[in-house]
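Have a look at the structure below before the remarks.
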Amino acid sequence: MRKVSKFMLAVMVLVVSLSSLVGNAFAEDQDFPRGESVNVNVMSYNIHHGEGVDSVLDLERIARIIEEGEADIVGLQEVDNHFSNRSDFQDQAKWLANRLGMFYTYAANLDYNPLNEGEPRRQYGTAILSKYPILKSKNHLLPKIGNTEQRGLSEVTINVKGNHLHVYNTHLALTSAERQIQIEETINIAGESKGPKVIMGDLNATPESNEMKLMYSNYIDAFANQNEAYTIPAENPTKRIDYIFTSNNIETNGARVIDTLASDHLPVMTTIVLDRSEPFNNGEK
C-alpha cells in the first residue's frame with residue numbers, strides 16, 4: 001500500500017510539472033470556475049521574421065518590446081519556423097515563448113520540405129503568445145485568388161483567470177479582392193464561437209478601404225478614435241494597416257502604437273477589460 005501511494009504521488013508530481021511547461025498548452029475537457037474581472041494587455045506585431053529596419057536579425061529586440069510593453073497576449077505575423085538562413089533556420093515562436101516565459105501556438109501558412117532529409121519542415125506563418133494557458137488552437141487556411149501566397153487565421157481559446165477568451169490572429173493578402181473574401185471568412189469563423197473575442201493582425205488595408213466595412217460592422221476597432229495610428233513604414237509611418245478589433249462585450253482603453261525600429265512595422269497595443277464570465281467547459285464553444 002505504501003509503494004502504491006509513493007507511485008501515485010510521483011505520477012501527480014510529474015503531471016503538475018509537465019503542465020507548467022511553456023509551449024503549446026491545452027487543457028482538454030476541464031471545467032473552469034466563474035471568471036474574475038481582469039485587465040489584459042493585448043499586442044499585435046508584424047515582426048518581419050525578426051529583422052529590423054537596420055537589416056539586422058535580432059529576436060531579442062522583439063522580446064524586449066513585448067516585455068517592456070507588459071503584453072499578456074501577443075499576435076505575431078511574419079514568423080519563421082526553420083524557414084531559411086534569413087532567420088538562421090530558427091523556431092522563432094518557440095524561442096520567443098521560452099525567452100518570455102509564455103505559452104504559445106504556431107500556425108504555418110506556408111509549409112515546405114526541408115532542404116536536407118531529416119531536418120524540420122520549413123514554415124512561415126503567425127504565432128500567438130500568452131501569459132495565460134492556451135486551451136485549444138486551430139489554423140484556418142483562408143481563401144485566395146489564383147497563385148498567391150496562402151494566408152491563414154489562427155484561432156485560440158485562452159483561459160484568462162476563468163474567463164474564456166477567443167483570440168484570432170491573421171495576416172491578410174495584398175489585393176483588395178482577396179482581402180474581401182478573407183475578411184468574410186474571418187467573420188464567419190469567429191461567428192461560430194460565443195463569448196468575448198479579439199481579432200488582430202496585419203490586415204494590409206487602411207481603415208477607409210472598402211473591404212474593411214465588414215470588420216467595422218461586426219467588431220469594434222480599439223483605435224477607432226485614432227485614425228492616424230500609423231504603423232508602416234516604421235521609420236516614418238504614413239499608413240495604418242495593423243489592427244486590434246474586439247467584440248462589443250469587451251471594453252478597451254489605452255490604445256497605443258509603440259515606436260521601435262525592430263521591424264518594418266510598428267506594434268499596436270490596447271488593454272481589454274474582461275468581465276466575470278459564467279463557468280464553462282472546454283468542450284463547449
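These numbers were taken from a predicted model, which means no experiment stands behind them.
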TODO: Kindly write out the residues that satisfy side-chain hydrogen bond (donor to acceptor under 3.5 Å, both in side chains) with Y112, not counting sequence neighbours, or none if the list is empty.
DONE: none
TODO: State, yes or no, whether a side-chain contact exists between L115 and F89 at a heavy-atom distance under 4.5 Å.
DONE: yes
TODO: Quick one: pull up OG1 in T157 and CG in N159 and give me the separation to the nearest 0.5 Å.
DONE: 10.0 Å
TODO: Looking only at non-hydrogen atoms, find the nearest pair between F223 and V257 and report the distance.
DONE: CE2-CG2, 4.0 Å
Open item on the list: If we check side chain to side chain contact (heavy atoms under 4.5 Å, CB included) with E149, which of these qualifies: L110, N109, L174?
Closed with: L110
TODO: Taking K144 for its side chain and G146 for its backbone only, find out whether a donor-acceptor pair lies under 3.5 Å.
DONE: yes
- [ ] Could you walk me through whether T252 and V273 pass side chain to side chain contact (heavy atoms under 4.5 Å, CB included), step by step?
- [x] CA-CA 6 Å; T252 66; V273 182; over 6 Å; no
Task: Side chains of L57 and Q92 in contact at under 4.5 Å (non-hydrogen atoms) - done: yes
Task: Whether S193 side chain and A190 backbone form a donor-acceptor pair below 3.5 Å - done: no
Open item on the list: Please check this pair: side chain of N169 against backbone of T126, looking for a donor-acceptor N/O pair closer than 3.5 Å.
Closed with: no
- [ ] Name all pairs fulfilling the salt bridge (Lys or Arg N to Asp or Glu O under 4.0 Å) condition that reach into residues 71-90, sequence neighbours left out, sorted by first residue then second.
- [x] D72-K131, D80-R86
Open item on the list: Please report the interatomic distance CG(L135) to CD1(I158), rounded to the nearest 0.5 Å.
Closed with: 8.5 Å
- [ ] Using the rule that two of Ile, Leu, Val, Met, Phe, Trp, Tyr join whenever any of their side-chain heavy atoms come within less than 4.5 Å, decide whether Y132 and I272 are in one cluster.
- [x] yes
Open item on the list: When you measure from the side chain of R122 to the backbone of H82, do you find a donor-acceptor pair of N or O atoms at a distance under 3.5 Å?
Closed with: no
- [ ] Would you mind listing the cluster partners of I241? Hydrophobic ones only (ILVMFWY), side-chain contacts under 4.5 Å, chaining allowed.
- [x] I232
Open item on the list: Quick check: closest heavy atoms across A71 and M43, and the distance to 0.1 Å?
Closed with: CB-CB, 4.1 Å
Open item on the list: If you apply the rule side chain to side chain contact (heavy atoms under 4.5 Å, CB included), what do you find for M269 with V42, and how did you get there?
Closed with: CA-CA 6 Å; M269 281 195 72; V42 177; over 6 Å; no
- [ ] Compare every heavy atom of I62 with every heavy atom of G50, then report the nearest pair and how far apart it is.
- [x] CA-CG1, 4.3 Å
Task: Side-chain cluster (under 4.5 Å, hydrophobic types only) that Y216 belongs to, other residues - done: L142, L153, Y168, L172, I183, I187, I189, I199, L203, M212, L214, M215, Y219, Y243, F245
Task: Main-chain N/O of S137 paired with T105 side-chain donor or acceptor, under 3.5 Å - done: no
Task: ILVMFWY network linking Y124 to I47, side-chain heavy atoms under 4.5 angstrom - done: no
- [ ] Just grab all the salt bridge (Lys or Arg N to Asp or Glu O under 4.0 Å) pairs involving residues 44-69, residues at least two apart or on different chains.
- [x] D54-R61, D58-R61, E60-R64, E60-R99, E67-R99
Task: Residues that, via side-chain heavy atoms closer than 4.5 angstrom, fall in one hydrophobic cluster with V53 - done: L261
Open item on the list: Taking side-chain hydrogen bond (donor to acceptor under 3.5 Å, both in side chains) as the definition, give me every residue that meets it alongside S44, ordered by chain and number, with sequence neighbours left out.
Closed with: Q77
- [ ] Provide the full list of salt bridge (Lys or Arg N to Asp or Glu O under 4.0 Å) pairs with a residue in residues 241-262, sequence neighbours left out, each pair given once.
- [x] none
- [ ] Would you mind listing every salt bridge (Lys or Arg N to Asp or Glu O under 4.0 Å) that reaches into residues 197-219, with sequence neighbours excluded?
- [x] R179-E211
TODO: May I ask you to check whether over 12 heavy atoms, not counting those of E70, lie within 6.0 Å of atom CD?
DONE: no
Task: Any side-chain heavy-atom pair of F83 and H49 under 4.5 Å - done: no
Task: Side chain N116, main chain E119, donor-acceptor under 3.5 Å - done: no
- [ ] Report yes or no: does T270 contribute a side-chain atom to a donor-acceptor pair with the main-chain N or O of N253 at less than 3.5 Å?
- [x] yes
Task: Side-chain touch V167/E155, heavy atoms, less than 4.5 angstrom - done: no
Open item on the list: Tell me every residue that passes side-chain hydrogen bond (donor to acceptor under 3.5 Å, both in side chains) with Q123, counting only those two or more places apart in sequence or in another chain.
Closed with: N81, D111
TODO: Starting at NE2 of H140, measure out to OG1 of T170 and round the result to the nearest 0.5 Å.
DONE: 10.5 Å
Open item on the list: Counting C-beta onward and ignoring hydrogens, is there a side-chain heavy-atom pair between T231 and P237 closer than 4.5 Å?
Closed with: no
TODO: Compare every heavy atom of N249 with every heavy atom of G195, then report the nearest pair and how far apart it is.
DONE: C-ND2, 3.8 Å
Task: Nearest-0.5 Å distance that lies between atom CD in Q180 and atom CD1 in I145 - done: 10.0 Å
TODO: To the nearest 0.5 angstrom, please state how far the CD1 atom of I244 sits from the OG1 atom of T271.
DONE: 9.0 Å
Open item on the list: Taking atom CG as the centre, does N225 end up with more than 12 heavy-atom neighbours from other residues, nucleotides or ligands that are less than 6.0 angstrom away?
Closed with: no
TODO: Only counting residues at least two apart or in another chain, list the ones meeting salt bridge (charged side-chain N to carboxylate O under 4.0 Å, His left out) with D91.
DONE: none
Open item on the list: Could you measure the distance from the CD1 atom of I66 to the CG atom of L76? Nearest 0.5 Å is fine.
Closed with: 5.0 Å
Task: Shortest non-hydrogen contact between S263 and N46, atoms and distance - done: OG-O, 2.7 Å
Task: Heavy-atom closest contact (S154 atom, I128 atom, distance) - done: OG-CD1, 3.7 Å
Open item on the list: With heavy-atom distances below 4.5 Å as the criterion, would you say the side chains of I250 and D275 are in contact?
Closed with: no
TODO: Mind checking side-chain hydrogen bond (donor to acceptor under 3.5 Å, both in side chains) for N188 and listing every partner two or more places apart, or none if nothing turns up?
DONE: none
Open item on the list: Do F103 and L129 have side chains that approach each other closer than 4.5 Å (heavy atoms only, starting at C-beta)?
Closed with: no
Open item on the list: Could you check whether any side-chain heavy atom of N98 comes within less than 4.5 Å of a side-chain heavy atom of L96, counting everything from C-beta outward?
Closed with: no
TODO: Answer yes or no: is there a donor N or O on one side and an acceptor on the other, between the side chain of H171 and the main chain of G125, under 3.5 Å?
DONE: no
